Amino acid sequence: MGKFGVFVDRQTLSSSNQLQSLIRFRDIAESMGHEFYFLFPNEIHKIKTLNGLFIRSKTDPMNISYVASRIAELNGVKVIDDSKSIQICADKINMYLHMMKNNVPLPKTKFLRKSENNIENLKSIVEEIGLPLILKEPSTSFSMRVEKVNSLEEFSKVASRFLRLSDVLVAQEFIETRFDWRVGILNGEVIYACKYLIPKETFKIQDCVDGHRVYCMVESVMYDEVPKEVIKTALKAANAVGTGLYGVDLKEKDGSIYVIEVNDNPSLETTEDEFYPEAYSKIVSYIMDDSRQKYSGGKMKFSEVIDPDGVANDRN
């Protein structure tokens, strides 16, 4: 038994679905005998008094959620998301390089550096990947700064716009499907699976179309109805990042499975867990069962960050 904290911000609580999910976490944690606390950014100093922390605000190395994760780690408080996972998943370049290093199947993927943004290089990428292709700015989240380009001219325009924000972009094969698989994985175990049904107006799970926002529908799928190759590939992708909580997005085409991305801090508020009643309790148990196991204080290694040239940089 111990003190279980959930780190939130007012944006997190502005969604009724997210609020209901957080209340469910509270009820389950308390039913398991734990004390439950919501912590806001101005209460970040209280993290060291907890036994476990679950971050439910937007994670990014530039956000206070990352500071919360590091404070937890430095004080021996078990935390999801851990700082390593945040670093990897917040940067698509870093994430895809971890996938490549571990032979995770991806759509055809190339990186475009700012210095390479010329017609010759763009033509070379198009010849290798084909059109249409997907262009991503590496810090993208919630489908923002992800665009489908249908011509070389459009590729050049979007690349020039995105390269104002980042020195490297991701160019990726477009795989058209009616849905994406989403597999939730915790410490190498599947805790839920679902389909994200892509809106007919777009190729993304959420988008702004003609001035209004469209979202995917979520359809929970029972474990034994998920193709074994989807499960196997999702586990391989998650293991390439770490042992935390991840939502792995995958596409299926012509009998082959491709990982689109691995998300830390995955959604759990839109029926993803409908057929998985133990998902919430498994998260609480994972955090709290290890609450007495201390990290090595300030000596804990940050993530291994891989640069686009394949050089590993150990950030200590």
Side-chain angles (χ1 to χ4, degrees), residues 17-18 20-25 27-29 31-32 54 56 80-82 85 88-89 95-96 98-99 102-107 142-143 173 175-200 203-206 215-290:
N17 285 338
Q18 290 194 54
Q20 290 174 10
S21 176
L22 292 170
I23 291 172
R24 186 173 177 189
F25 266 112
D27 293 345
I28 287 175
S31 72
M32 296 169 70
F54 188 34
R56 289 277 88 182
I80 294 176
D81 297 310
D82 62 273
S85 297
I88 294 173
C89 295
M95 181 195 67
Y96 286 128
H98 275 78
M99 299 297 106
N102 289 273
N103 299 313
V104 175
L106 301 171
F142 302 107
S143 299
E173 175 189 8
I175 298 177
E176 186 171 10
T177 57
R178 189 183 66 85
F179 65 88
D180 287 357
W181 285 105
R182 163 63 69 92
V183 180
I185 294 175
L186 174 66
N187 192 28
E189 177 189 356
V190 175
I191 62 169
Y192 68 86
C194 62
K195 292 179 179 179
Y196 283 180
L197 306 178
I198 299 170
K200 62 181 180 180
F203 67 96
K204 299 189 282 189
I205 61 173
Q206 61 174 297
Y215 298 93
C216 68
M217 296 291 291
V218 180
E219 182 182 285
S220 188
V221 181
M222 296 182 69
Y223 182 86
D224 58 4
E225 295 179 0
V226 183
K228 291 182 179 179
E229 193 64 25
V230 170
I231 298 293
K232 177 183 175 181
T233 305
L235 287 168
K236 188 173 185 179
N239 290 337
V241 176
T243 59
L245 174 65
Y246 311 106
V248 183
D249 294 337
L250 312 96
K251 286 184 180 290
E252 186 176 0
K253 179 184 178 183
D254 299 332
S256 297
I257 308 298
Y258 303 92
V259 171
I260 302 303
E261 60 186 38
V262 178
N263 302 274
D264 67 320
N265 206 1
S267 299
L268 264 172
E269 62 268 4
T270 320
T271 74
E272 283 92 346
D273 62 327
E274 182 179 356
F275 298 129
Y276 301 84
E278 296 182 352
Y280 283 56
S281 59
K282 285 182 177 181
I283 293 170
V284 175
S285 294
Y286 171 74
I287 294 173
M288 299 304 290
D289 287 355
D290 294 339

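Please read all numbers here as calculations on a predicted model, not as lab measurements.
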Kindly compute the distance separating [atom1] ([X]) from [atom2] ([Y]), expressed to the nearest 0.5 Å.
X: Ile198; Y: Met217; atom1: CD1; atom2: CE; answer: 14.0 Å
X: Met99; Y: Leu106; atom1: CE; atom2: CG; answer: 7.5 Å
X: Lys253; Y: Ile175; atom1: NZ; atom2: CD1; answer: 6.0 Å
X: Phe54; Y: Leu22; atom1: CZ; atom2: CG; answer: 8.5 Å
X: Asn102; Y: Lys236; atom1: CG; atom2: NZ; answer: 7.5 Å
X: Glu272; Y: Glu219; atom1: CD; atom2: CD; answer: 12.0 Å

Minimum heavy-atom separation for [X] and [Y], please, with both atom names.
X: Ala240; Y: His98; value: O-CD2, 3.6 Å
X: Arg182; Y: Pro266; value: NH1-CB, 3.7 Å
X: Met32; Y: Ser285; value: CE-OG, 3.1 Å
X: Tyr276; Y: Met222; value: OH-C, 3.3 Å

Using the ring-ring contact (aromatic ring centres under 6.0 Å, His included) rule, collect all pairs that involve residues 179-200, keeping only residues at least two apart or in two chains. Phe179-Trp181

Considering only residues two or more places apart or on different chains, which pairs with a residue in residues 218-260 satisfy ring-ring contact (aromatic ring centres under 6.0 Å, His included)? none

Side-chain contact test, heavy atoms from C-beta onward, threshold under 4.5 Å: evaluate it for [X] versus [Y] and give yes or no.
X: Val262; Y: Met95; result: yes
X: Val241; Y: Cys89; result: yes
X: Leu268; Y: Phe25; result: yes
X: Ile185; Y: Val183; result: yes
X: Phe275; Y: Cys194; result: no
X: Glu269; Y: Gln20; result: no
X: Asp180; Y: Leu197; result: no
X: Ser220; Y: Asp273; result: no

Test item: side-chain donor near acceptor, Asp249 and Asn263, under 3.5 Å: yes

Glu189: which residues meet the side-chain hydrogen bond (donor to acceptor under 3.5 Å, both in side chains) condition with it, sequence neighbours left out? Lys282

Do Ser281 side-chain atoms and Glu278 backbone N/O form a donor-acceptor pair below 3.5 Å? yes

Using only atom types and a distance under 3.5 Å, with no angle test, would you say the side chain of Tyr280 pairs donor to acceptor with the backbone of Asp27? no

So if I apply the side chain to side chain contact (heavy atoms under 4.5 Å, CB included) rule between Ile80 and each of Asn265, Thr243, Leu186, which one comes out positive? Leu186

Taking it one step at a time, do Leu245 and Asp264 satisfy side chain to side chain contact (heavy atoms under 4.5 Å, CB included)? CA-CA 6 Å; Leu245 174 65; Asp264 67 320; over 6 Å; no

Leu250 vs Val248, side chain to side chain contact (heavy atoms under 4.5 Å, CB included): CA-CA, chis, key distance, verdict: CA-CA 6 Å; Leu250 312 96; Val248 183; 3.9 Å; yes

Are Ser85 and Asp82 close enough, and set up right, to give a side chain to side chain contact (heavy atoms under 4.5 Å, CB included), and what steps lead you there? CA-CA 6 Å; Ser85 297; Asp82 62 273; 2.8 Å; yes

